[in-house]
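The next block holds one structure in the form of structure tokens; read it before the comments.
Please read all numbers here as calculations on a predicted model, not as lab measurements. A note on names: the letters A, B, ... follow the listed sequences, proteins ahead of strands, and every chain is numbered from 1.
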Number of protein chains: 2
Amino acid sequence: MSSVAPASGLRERNRVRRTRRVERASLELALEHGVDHVTVDMICEASDISPRTYFNYFGTKEGALLGLGNVPYAESDIEVFLSAGGHIVEDLLHLVAATFVASEPDRDVYLMRRRLFAREPELQGLQLARMAGKRHALTRVVEQRIAAERPDLPPAEVCDEAQLVVAVAAGAFPVAGRVWAEREDAAEHIEVVIADVIARVRRIVAS
Amino acid sequence: MSSVAPASGLRERNRVRRTRRVERASLELALEHGVDHVTVDMICEASDISPRTYFNYFGTKEGALLGLGNVPYAESDIEVFLSAGGHIVEDLLHLVAATFVASEPDRDVYLMRRRLFAREPELQGLQLARMAGKRHALTRVVEQRIAAERPDLPPAEVCDEAQLVVAVAAGAFPVAGRVWAEREDAAEHIEVVIADVIARVRRIVAS
DNA sequence: TGCATTGTTGCAGTCTCTGCAACTTTGCCG
DNA sequence: CGGCAAAGTTGCAGAGACTGCAACAATGCA
């Protein structure tokens, strides 16, 4: 209920402003000193917030670095995925991409994050860890679609297949994101990039 | 130098025995009380070791739960991968599987770990996070092989391709592991399972 | 046996994170 | 406007994870 809140009240606007300020501050500090030479107290001082409040917002020290990625998949996007008839991995990537785009309005912060992640791979690990929760949910959705598409498949196979689909998508998404971020020139539609990446995966696995 | 050490001396044998004792104790405690109701002190008391030594061994509280997965890829296995001429994802999975098998001699502990992971998905996330570090190393190895196989490919493409190969393998490995663990009846050789899983991935991506 | 290497431990201290109880701000309605 | 309820922020005390250091113990080796 809060993820897509229209930021109407003063309260909401303050919250958003604060979040941005803290995220930006934490990223700047981490880029300058390295993640583990940054303390929560430093972040708080730089963004004028109390440590207690920091944890209320972000939960962990790295929370601000990763961003509040708690945005759940929109019902409507899930419906689209379930009733889409395209290549399943491709459709799934579109679902993920839509959610991603919806949750990340600040390109500036996004780029800093990218730079930081490139420098400190452990963060990417944390990112993955956070995704792990979502993967469960996602896998179920994929199972649903597979079961609907091929009703004669035994449930165990459906489960395996869904896991593999999610795994491939989860692996391909960062690559697609990277390619997309590099070709910032024309803001090429992510659909093209996704199709391209899938084609590559196909070639790799088929060879 | 220590990963494949033949446990010749008393020193080495002590180390192995201790490691096992601590891992087992931590898993038992976690299965009984839940991960976050277990403290390092509890683990230490149960396994008769000092907290300081615990951290020397495992580094983090969850270290003992995840197992000493710090085993680096053996040079020899890497060489095999680099000069192998098979399907690249398959060869890579064999490399990973070989390392995995080499580091996990205790089936008992392995099963407890499996049970715990099923109960607490967050741990799976940590597992992934830990892998993230290795992924870098692996990606480089894969790049090396791709570059050798197709010298005319531009470096950027090599990089992308390697990332995708690693991503697919990383996604497929847990599934292969699961299938393999379930078919414990005949201890079927993991090679068969791997080939099977890859075939599935191929079908998924190709459809 | 004696010495060098390696490993274990306790200690002091820093940092992350939590529950709780004030306190402050915002939203709202008469 | 005034005042009340809801929501949010903060400080504090404390548990627990983790580290560097220096003493101490065990092991390997000549």
Side-chain angles (χ1 to χ4, degrees), chain A residues 1-3 5-23 25-26 29-30 33-66 68 70 120 122-123 125-126 129-130, chain B residues 1-3 5-23 25-27 29-30 33-66 68 70 120 122-123 125-126 129-130 133:
Chain A
M1 46 168 76
S2 68
S3 70
S8 51
L10 168 59
R11 201 155 247 168
E12 189 67 12
R13 266 178 290 136
N14 272 341
R15 199 179 59 82
V16 171
R17 195 155 37 83
R18 267 197 171 173
T19 302
R20 298 250 166 113
R21 208 172 54 217
V22 178
E23 286 183 0
S26 70
L29 285 170
H33 302 109
V35 173
D36 31 289
H37 293 102
V38 175
T39 69
V40 172
D41 285 353
M42 287 166 70
I43 298 175
C44 292
E45 199 153 336
S47 50
D48 196 38
I49 201 182
S50 87
R52 193 60 186 83
T53 303
Y54 173 90
F55 282 108
N56 281 344
Y57 271 64
F58 300 102
T60 70
K61 171 185 168 181
E62 295 86 359
L65 296 175
L66 302 182
L68 287 173
N70 298 324
E120 314 222 18
E122 299 183 8
L123 281 182
L126 287 183
R130 208 195 238 179
Chain B
M1 47 169 75
S2 67
S3 70
S8 50
L10 168 58
R11 199 154 248 169
E12 189 67 10
R13 267 178 291 134
N14 272 341
R15 199 179 59 80
V16 172
R17 195 155 38 83
R18 269 198 168 172
T19 301
R20 298 251 165 114
R21 209 172 55 217
V22 177
E23 287 183 0
S26 70
L27 283 168
L29 285 170
H33 302 108
V35 173
D36 30 289
H37 293 101
V38 175
T39 69
V40 172
D41 285 353
M42 287 166 70
I43 299 174
C44 292
E45 199 152 335
S47 50
D48 196 38
I49 200 182
S50 87
R52 193 61 186 85
T53 303
Y54 173 89
F55 282 108
N56 281 344
Y57 271 65
F58 299 102
T60 70
K61 171 187 168 180
E62 295 85 359
L65 297 175
L66 301 182
L68 282 175
N70 298 325
E120 315 221 18
E122 299 184 8
L123 282 181
L126 286 183
R130 209 196 235 178

For the student: nearest non-hydrogen atoms of B/Val38 and B/Ile43, plus distance: CG1-CG1, 3.7 Å
Contacting residues from residues 46-56 of chain A, given that a heavy atom lies under 4.0 angstrom of DNA chain C: A/Arg52, A/Phe55
Point-to-point distance, once rounded to the nearest 0.5 Å, from OH of B/Tyr57 to CZ of B/Arg18: 5.0 Å
From CZ (B/Arg130) to CG (B/Leu126), nearest 0.5 Å: 9.0 Å
From CD1 (A/Ile49) to CZ (A/Phe58), nearest 0.5 Å: 6.5 Å
Residues in side chain to side chain contact (heavy atoms under 4.5 Å, CB included) contact with A/Thr60, at least two apart in sequence or another chain: A/Glu62
Partner set under side chain to side chain donor-acceptor pair (under 3.5 Å) for A/Arg52, not counting sequence neighbours: A/Asn56
Which residues share a side chain to side chain donor-acceptor pair (under 3.5 Å) with B/Thr39, sequence neighbours left out: none
Span of DNA chain D, from the first to the last nucleotide whose atoms fall under 4.0 Å of chain A heavy atoms: D/dA6 to D/dC12
Exceeds 12 heavy-atom contacts within 6.0 angstrom, atom CD of A/Glu122: no
Expected output: side-chain B/Tyr54 to main-chain B/Lys61 donor-acceptor under 3.5 Å: yes
Contact letters for nucleotides 23-29 of chain C, in which S counts primed atoms plus P, OP1 and OP2 and B counts the base, heavy atoms under 4.0 Å: --BBS--
Gap between atom CD of B/Glu12 and atom CZ of B/Arg17 - 0.5 Å precision: 12.0 Å
